[in-house]
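Atoms within a ligand are numbered from 1 in the order they appear, just like the ligands themselves. In what follows, every heavy atom counts, from backbone to side chain, and hydrogens, waters and symmetry copies are set aside.
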Amino acid sequence: MTKISVVFENNKKWVAEKLAIDENYFKSLAQGQNPEFLYIGCSDSRVTAEDLMGVKPGEVFIHRNLANLVNNVDLNVMSVLNYAVQELKVQHVVVCGHYNCGGIKAAMMPEDKGILNPWLRNIRDVYRLHRDELNAIKDEEKRYNRLVELNVQEQCVNLIKTAAVQKAYQERGLTVHGWVFDIHTGKLIDLKIDFPKILEGIMEIYKLF
Ligand code: CO
């Protein structure tokens, strides 16, 4: 069997398993979604959002890209964010990074990566903002891991700069969370980003209404 036909075989088994537990499983799924979370994570094949959160289809709205970036001019992430916050009315927006992130490492290499350059540049900007702290970490792996955490933090700040998040925070107390998935242990780490404090600190500049 080829890899592709294995996928379709797996799908048949999965459908059968779901229907054996609940014959209306797909009928209910088709009726709509009401997720409480928007998850923005890395595209890395080892970081599977539903598995690590233990959630079922319908529970989390998901966006994944290289190194879990929330870029102001990326129509893709901004569309997902606006749809999730304004239409689906999610209550929590999560940015989840992970240790050993290839995107983070690639961003720090002195190499021309072609079309990836403008995307990875966002990570170099995070490094520049936190240069003193990062340069003080001598161990390279620890330094990269800290950059992973700081990148998550800065993407949370980027979320707070958007009108959708500011409005939903005011209207219904929407919150932003920063997490890191530790690929060595499987554990999810809450960076405990102080959302109200960041909001207070940057609203002077980024308040949109
Ligand atoms: Co990654």
Determine all donor-acceptor pairs shorter than 3.5 Å in which one atom belongs to a side chain in residues 16-41; sequence neighbours excluded.
| from | atom 1 | to | atom 2 | distance (Å) |
| --- | --- | --- | --- | --- |
| Asp22 | OD1 | Asn24 | N | 2.9 |
| Ser28 | OG | Asn24 | O | 2.8 |

Polar side chain donor-acceptor pair, Asn145 to Glu149, under 3.5 angstrom: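 No, no side-chain donor-acceptor pair sits under 3.5 Å.
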Atoms of type N/O/S from protein, distance to the Co ion (ligand 1) below 2.8 Å: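 Of the protein's nitrogen, oxygen and sulfur atoms, 3 lie under 2.8 Å from the Co ion (ligand 1).
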Interatomic distance, Asn100 atom CG to Cys42 atom SG [nearest 0.5 angstrom]: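 Going from the CG atom of Asn100 to the SG atom of Cys42 covers 11.5 Å.
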List the atom pairs, with distances to 0.1 Å, where a side-chain N or O of residues 160-167 and a protein N or O form a donor-acceptor pair under 3.5 Å, not counting sequence neighbours.
| from | atom 1 | to | atom 2 | distance (Å) |
| --- | --- | --- | --- | --- |
| Lys161 | NZ | Asn158 | OD1 | 2.8 |
| Thr162 | OG1 | Leu159 | O | 2.7 |
| Thr162 | OG1 | Val165 | N | 3.3 |
| Gln166 | OE1 | Leu208 | N | 3.0 |
| Gln166 | NE2 | Ile160 | O | 3.0 |
| Gln166 | NE2 | Tyr206 | O | 3.0 |

Pairs flagged by ring pair (Phe, Tyr, Trp, His ring centres under 6.0 Å) wherever residues 172-192 is involved - sequence neighbours left out: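 Only His92-His177 qualify under ring pair (Phe, Tyr, Trp, His ring centres under 6.0 Å).
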Arg172 versus Val85, closest heavy-atom pair with distance: NH2-O, 2.6 Å
